[in-house]
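Data block below; observations after.
Just so we're clear, the structure is a prediction, and the values are computed from it rather than from any experiment. Naming: A, B, ... by sequence-line order, numbering from 1 per chain.
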Amino acid sequence: MRLSQFFLPTVKEEPADAVVASHKLMIRSGMIRQLTSGVYSYLPFGLRVFRKIEKVIREEMNAIGGEEFHLPALSPNELWAQTGRLDDYGDTIFRIKNRELVLAPTHEEVFTSIAKLNLISYKDLPKIWYQIQTKFRNEARPRSGVLRGRQFTMKDAYSFDSSWEGLDISYDKHAQAYRNIFTRCGLNFYVVTAFSGAMGGSDSEEFMVESDAGEDNIVVTENNSYCSNIEVAVSYAEKVERKNSNLQAEEFHTPNIKTIEELSKFVNTENDWTRLAKSRIFVNGDSYVLTLVCGDDEVSETKLQNIFGQNIRPGHPEELMEITGADAGSIGPLKITNDKITVVADLRLEDADELISGANKNDYHFRNIDFKRDVPSIKYYDIRTVKDGELTQDKKDKIRITKAIEVGHIFKLGTKYSEALGSTFLDEQGNSHPIIMGSYGIGVERIAAAHIEQNHDKFGIIWNGEIAPFDVVLICANTNNKKMFKQATGFYNKLKNSVDILYDDRVEVRAGIKFNDADLIGIPYQVIVSEKNLERGKIEVKERKTGKRYFIDSQNFLNNFLALLIAINVDKRVKKDSTFNPYEHNLSVKPNLYFHISSNHKKFQIEKRLWEILLGFRNKYILAESKFDEKNRIIGIEVDNQEILECKPSTLKALYRRTYHHDFKIILPK
RNA sequence: CGGAGCGUAGCGUAGCCCGGUAUCGCGCCAGUUUUGGGAACUGGAGGUCGCAGGUUCGAAUCCUGCCGUUCCGACCA
């Protein structure tokens with residue numbers, strides 16, 4: 001692509017409305033422009049990135065047997081009423097004013113309605129159906145550019161199975177496909193267990209990219225032994241010790257004491273708040289739930305939803321007096337007169353005694369509360385939110401809480417939608433059952449935004465993985481120099497057959513602007529043709545990520561350059577149908593991933609672990625070779641001549657398959 | 001939906017408190033000189049100051065309403 005004919009409106013100054021780095025850089029690099037709040041126009045440069053992401057998604061979805069659809073964004077209100085989601089979604093769903101239609105925020109209903117008519121026998125199952133399509137959600141507060149928009153592109157997939165075991169298989173396929181997708185997109189991500197109650201499902205995992213721009217909080221450990229959304233995370237938390245002193249509970253005056261901190265000072269327990277049982281009132285339809293957690297803990301509303309259902313909500317301050325007889329700060333588990341209140345406490349407080357809590361009378365508390373003795377009807381659940389630095393449940397690792405961007409989410413839905421819409425199949429005995437479903441989503445623009453959040457510097461974006469809009473930008477420093485212009489144009493005409501290349505042939509644009517634009521738009525490799533280089537018979541190649549410059553002889557530049565690309569980046573950037581054959585060249589630079597694989601093993605299955613480890617090395621210069629035992633079976637892989645990663649043959653085979661999928665070329669031993 | 005801010009040329013802004021027909025930078029157009037890290041000089045184009053109403057001899061500026069937009073919170077497969 002010639003830049004002189006490519007619409008790339010870069011901007012030098014920071015846009016005033018943008019706060020997060022990805023939003024600023026998407027505007028500055030000419031990827032997007034805002035049309036109205038939460039709605040963005042995609043310009044050619046941005047569209048290239050989104051299309052590349054979609055390509056990766058399509059390949060991985062097709063690889064697990066997915067079939068691509070394209071469903072309407074408009075759908076009838078009635079369909080949504082059948083599953084109850086017209087009301088559940090509330091204001092988040094866009095409604096058409098002059099027809100009984102909505103703009104779909106997701107497509108469980110529409111896909112299921114197709115399944116209902118066509119997937120009618122166990123022989124029709126299983127199926128994986130997906131689409132990449134525009135979704136509409138009337139977000140109350142769009143923010144951070146495309147990270148939370150009212151219109152966005154989503155890959156949504158749905159699995160249809162005849163058994164729960166089948167659902168597990170479909171789900172696991174997606175779990176692996178998603179790992180492949182985000183890895184190929186150049187993201188560092190966590191796979192966390194997630195809340196699934198709202199979708200009516202059981203298992204659920206989210207794919208999270210760590211970033212300060214994220215809206216979720218996740219809990220991870222150093223070695224990824226435990227990864228969870230904070231909404232459902234658990235940790236090791238010491239129980240409050242039972243003292244068995246059998247002191248009588250007694251009311252005492254606590255004038256103007258509203259918070260745990262004030263209470264701790266008042267009763268001289270400033271260093272230990274654990275026996276100050278903190279009460280909160282939640283409204284659950286017609287009834288109420290009084291929760292108790294240690295004073296230094298917070299109750300998790302998501303955990304309450306898991307226990308009591310999705311509609312539970314915190315009581316409004318003005319409701320509390322009517323429900324309990326006291327305002328916030330004086331509520332407690334004793335002397336409850338309202339029989340609609342259920343009392344629950346966190347597991348840390350199980351059978352605890354000598355507790356202090358509110359008296360359900362303003363400015364009064366009780367001390368020496370013994371849950372076992374005084375609140376016999378109390379129920380215990382895990383309802384606390386974990387805290388940074390706590391130990392995991394097995395006490396082996398320390399947890400860290402960090403912000404993250406949700407780029408993907410996979411669900412085991414079960415039969416909620418198939419039952420609601422009557423989508424059933426006949427089994428081998430002729431009995432009818434609802435189809436068992438899964439639902440799997442990926443945010444396309446979010447991948448790009450998350451990638452930029454993780455890969456940028458003060459000069460601009462640094463694309464890596466397979467989503468770079470171009471592989472190479474060729475810069476002709478000065479088009480007024482006819483000889484130079486001619487040479488650069490010649491390189492362009494030949495290179496465009498082998499790599500995705502953007503040719504900065506703009507006339508009357510100074511070199512400095514071209515260099516700065518190239519850094520801003522973040523294309524991985526810059527090829528610079530200039531007078532300075534021409535005099536020395538060299539062409540300059542700059543690696544955007546490292547700033548490292550290579551100087552290549554101009555006589556045999558094309559082949560040498562492609563060889564360099566292969567050497568510094570594995571050959572995935574060189575197109576498969578390129579006329580250039582990398583193996584005819586002696587590479588003078590050590591490759592960063594180069595390994596031998598035995599071809600003896602025919603059967604293999606994917607094992608993710610080694611792949612993840614190897615990908616951790618992908619930006620380093622490493623040499624990896626497989627190790628064999630005495631029977632010439634692969635037992636491991638050696639990296640940089642020192643680190644041996646043990647693995648099974650099947651793992652290496654999987655690696656082979658994955659690299660094949662990546663357009664890497666495995667070099668087989670001769 | 002609660003709280004706060006902003007709306008002036010394509011972009012970024014000054015002016016507003018204290019009323020007198022709009023500042024500066026970038027960009028854009030023409031010309032000359034430059035040409036490896038966002039050039040210099042000269043000349044030029046471009047603005048119903050978000051919209052509507054009000055106060056006033058006079059409103060970007062003061063008042064009222066509305067709209068848009070951003071941030072914090074609430075909310076959120």
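Counting only N and O atoms by type, the side chains of Y42(A) and E445(A) include a donor and acceptor under 3.5 Å apart.
Ion pairing between a basic and an acidic side chain is recognised when a charged N comes within 4.0 Å of a carboxylate O; E531(A) and K483(A) show no such pairing. Contact check on D553(A) versus K538(A) returns a salt bridge, with a Lys/Arg side-chain nitrogen under 4.0 Å from an Asp/Glu carboxylate oxygen. A salt bridge links E319(A) with R313(A): the closest approach of a Lys/Arg side-chain nitrogen to an acidic carboxylate oxygen falls below 4.0 angstrom. A salt bridge does not link E108(A) with K416(A): every distance from a Lys NZ or Arg NE/NH1/NH2 to an Asp or Glu carboxylate oxygen is 4.0 Å or more. Of the charged side-chain nitrogens involved, none lies within less than 4.0 Å of a carboxylate oxygen, so that K532(A) and E540(A) do not count as a salt-bridged pair.
In this structure, N533(A) atom CG and G37(B) atom C1' are separated by 14 Å, rounded to whole Å. Atoms CD1 (I27(A)) and P (G12(B)) sit 9 Å apart, rounded to a whole Å. One can place CD of Q305(A) at 11 Å from C1' of C75(B), the figure rounded to the nearest angstrom. Between the CG atom of D504(A) and the P atom of G38(B) there is a distance of 15 Å, given to the nearest Å. Regarding N311(A), its CG atom lies at a distance of 15 Å from the C1' atom of C76(B), rounded to whole Å.
In RNA chain B, runs of at least 3 consecutive Watson-Crick or G-U pairs, each pair with both distances below 3.5 Å, span B:1-7 with B:67-73, B:10-12 with B:24-26, B:28-33 with B:39-44, B:50-54 with B:62-66.
Remark: the separation of the P atoms in G47(B) and A4(B) is 36 Å, to the nearest Å. A74(B) and U61(B) are spaced 36 Å apart, taking the C1' atom of each and rounding to whole Å. Between the C1' atoms of U70(B) and G58(B), the separation comes to 34 Å (whole Å). With C1' as the reference atom, C24(B) and G46(B) are 16 Å apart, rounded to whole Å. Annotation: A45(B) and U64(B) have their P atoms spaced 40 Å apart (nearest Å). Nucleotides U34(B) and A40(B), compared at atom P, are 16 Å apart to the nearest Å. Distance check on atom C1': C63(B) versus U55(B) gives 7 Å, rounded to whole Å. G2(B) and G10(B) have their C1' atoms separated by 36 Å, with the value rounded to a whole Å.
Summary of the strand contacts: E14(A) and Q526(A) both lie near RNA chain B, and taking for each the nucleotide with the nearest heavy atom, the more 5' one is attributed to E14(A). Heavy-atom nearest nucleotides on RNA chain B were determined for R137(A) and for N516(A), and the one closer to the 5' end corresponds to N516(A).
Put simply, the side chain of N138(A) gets close to the backbone of D91(A): a donor and an acceptor are under 3.5 Å apart.
For S228(A), the side chain to side chain donor-acceptor pair (under 3.5 Å) partners at least two apart in sequence or on another chain are T193(A). With sequence neighbours excluded, the residues forming a salt bridge (Lys or Arg N to Asp or Glu O under 4.0 Å) with E210(A) are R400(A), listed by chain and number.
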Nucleotide N/O to protein N/O under 3.5 Å, stretch nucleotides 24-31 of chain B:
{"unit_1": "G25(B)", "atom_1": "N2", "unit_2": "E13(A)", "atom_2": "OE2", "d": "2.8"}

Mind listing the N/O atom pairs, protein and nucleotides 68-74 of chain B, below 3.5 Å?
{"unit_1": "U69(B)", "atom_1": "OP1", "unit_2": "T36(A)", "atom_2": "OG1", "d": "2.1"}
{"unit_1": "U69(B)", "atom_1": "OP1", "unit_2": "S37(A)", "atom_2": "N", "d": "2.8"}
{"unit_1": "U69(B)", "atom_1": "O3'", "unit_2": "Q34(A)", "atom_2": "NE2", "d": "3.3"}
{"unit_1": "U70(B)", "atom_1": "OP1", "unit_2": "Q34(A)", "atom_2": "OE1", "d": "3.4"}
{"unit_1": "U70(B)", "atom_1": "OP1", "unit_2": "Q34(A)", "atom_2": "NE2", "d": "3.4"}
{"unit_1": "U70(B)", "atom_1": "OP2", "unit_2": "S37(A)", "atom_2": "OG", "d": "2.7"}
{"unit_1": "C72(B)", "atom_1": "OP2", "unit_2": "R141(A)", "atom_2": "NH1", "d": "3.2"}
{"unit_1": "C72(B)", "atom_1": "OP2", "unit_2": "R141(A)", "atom_2": "NH2", "d": "2.7"}
{"unit_1": "C72(B)", "atom_1": "N4", "unit_2": "R141(A)", "atom_2": "NE", "d": "3.4"}

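No N or O donor and acceptor, one from the side chain of R28(A) and one from the base of G12(B), sit under 3.5 Å apart.
Taking CG of L187(A) as the start and CZ of R179(A) as the end, the distance is 14.0 Å to the nearest 0.5 Å.
Among the atoms of the strands shown, base atoms are found under 4.0 Å from some heavy atom of K542(A).
Applying the ring pair (Phe, Tyr, Trp, His ring centres under 6.0 Å) test to residues at least two apart or on different chains, the pairs with a partner in residues 139-159 of chain A are F111(A)-Y158(A).
For U35(B), the OP1/OP2 oxygens have no side-chain nitrogen or oxygen of R510(A) closer than 4.0 Å.
None of F561(A), F557(A), F485(A) except one satisfies the ring-ring contact (aromatic ring centres under 6.0 Å, His included) rule with F491(A); the exception is F557(A).
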